Amino acid sequence: MTSTTREIHLASRPSGWPTHENFRIVETALPKPAPGQVAIRNTVMSVDPYMRGRMNDVKSYSAPFALDAPLDGGVVGEVIESNHESLQVGDTVLHGLGWREHAVLDANKVRKVDTTGVPASAYLSVLGMPGTTAYVGLVRIAELKEGDTVFVSGAAGAVGSVVGQVAKNLGAARVIGSAGSPEKVSYLIDELGFDAAFDYHEGSVSKQLAAHVPDGIDVYFDNVGGDHLEGAISNMRDFGRIALCGAISQYNNEKAAAGPRNMGLIVARRLALRGFIVSDHNDLAKEYLAQAAGWLADGSLKFRETYVDGLDNAVDAFLGLHRGSNLGKMLVRLV
Ligand SMILES: NC(=O)c1ccc[n+]([C@@H]2O[C@H](COP(=O)([O-])OP(=O)(O)OC[C@H]3O[C@@H](n4cnc5c(N)ncnc54)[C@H](OP(=O)(O)O)[C@@H]3O)[C@@H](O)[C@H]2O)c1
């Protein structure tokens with residue numbers, strides 16, 4: 001086992017868009033695992049939009065990252081030393097100490113994953129937190145019904161791409177997605193089976209959406225906020241449901257953004273808007289995994305992953321996520 005390893009620390013808190021100066025790569029000693037612990041060589045780590053919020057020093061559902069300490073987040077890897085009977089050297093595992101090349105932690109904080117038929121990275125994407133978020137938002141928060149017309153923003157990303165496909169699999173009549181490039185729009189229609197999609201750079205969200213769904217939408221799954229939320233509200237049918245999952249268009253704003261200008265329609269159309277955090281709904285994870293395994297097997301759930309190589313480029317991967325350089329889940333390959 002190696003005696004040193006590398007990790008990424010938060011050097012200062014970003015204001016607006018993060019820069020490389022906000023992060024530092026640190027070489028550090030790798031401790032031997034104590035009784036009950038394992039040592040893991042991390043192979044693929046996740047970068048996620050919620051991590052931007054944790055870089056601010058504000059109280060939220062997830063604690064802020066500490067300064068001059070390693071960041072953390074979802075990661076998969078291989079056990080290289082084990083002091084606990086539940087895990088063997090060579091096991092592939094999922095855990096929460098990403099942003100570093102190795103991790104030593106208690107075995108009870110590590111989950112062994114089954115890599116028959118799927119790469120380990122799937123547990124960071126379609127079979128992991130983003131996939132479960134899509135399912136929770138559609139099924140529990142938006143209460144998707146057969147025959148619904150569904151609009152999802154950020155549709156070519158990790159959560160959004162699962163939302164569209166799962167909505168179809170659960171009986172949505174029509175699924176429309178928005179994304180940031182013509183290539184992403186083609187991917188949604190040609191590969192993922194969306195009924196329609198548009199590039200939000202090509203005109204107002206509200207007008208583009210209306211052109212595809214003149215009769216309106218029943219469900220909006222919001223990954224973007226801002227103009228997307230406003231455009232969706234304008235196109236909701238009476239008694240429509242909106243699952244507020246995220247607002248990535250606003251995460252790097254220096255000042256809080258103004259709300260949608262058409263909030264009056266929420267009353268007029270008797271809409272229900274509900275925010276959610278996936279970790280409050282862990283009881284649905286098993287149900288989703290069982291369904292997703294079937295859909296992956298029959299080809300009705302497809303997924304893509306975009307890779308950036310090496311811990312040295314992890315910050316670029318994180319920034320790229322906010323610029324739309326990912327198709328599907330953004331991941332960092334560490335070995
Ligand atoms: N509530 C929860 O529990 C929960 C859990 C997971 C994720 N989330 C939220 O879900 C959303 C998607 O997360 P993800 O992990 O699946 O990320 P992702 O969609 O894979 O990646 C982020 C995408 O956001 C799009 N984007 C960036 N800036 C934008 C802007 N100004 N306007 C419109 N689109 C923009 C980019 O795609 P384009 O090229 O299309 O612009 C980018 O690829 C985020 O808001 C995240 O915070 C919430």
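Numbering of ligands and ligand atoms starts at 1, following listing order. Owing to the predicted nature of the structure, the values given are computational and were not obtained by experimental measurement.
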Sort out the contact shell of ligand 1: every protein residue with a heavy-atom distance below 4.0 Å, listed by chain and number.
-> Pro49, Met129, Thr133, Gly157, Ala158, Val159, Ala179, Gly180, Lys184, Tyr200, Asn223, Val224, Cys245, Gly246, Ala247, Ile248, Ser249, Tyr251, Phe276, Ile277, Val278, Leu321, His322, Gly324, Asn326, Gly328
Angle class for the Trp17/His322 ring planes (parallel below 30°, perpendicular above 60°, tilted otherwise)?
-> perpendicular
How about Val76 and Val93: do any of their side-chain heavy atoms sit closer than 4.5 Å?
-> no
Are any non-hydrogen side-chain atoms of Met55 and Phe318 less than 4.5 angstrom apart?
-> yes
Taking NZ, NE, NH1 and NH2 as the nitrogens, is one of them in Lys329 or Glu305 under 4.0 Å from a carboxylate oxygen of the other?
-> no
Is the ring centre of Tyr200 less than 6.0 Å from the ring centre of His228?
-> yes
Over-ring placement of Arg54 relative to Phe65, 6.0 Å and 45° cut-offs | yes
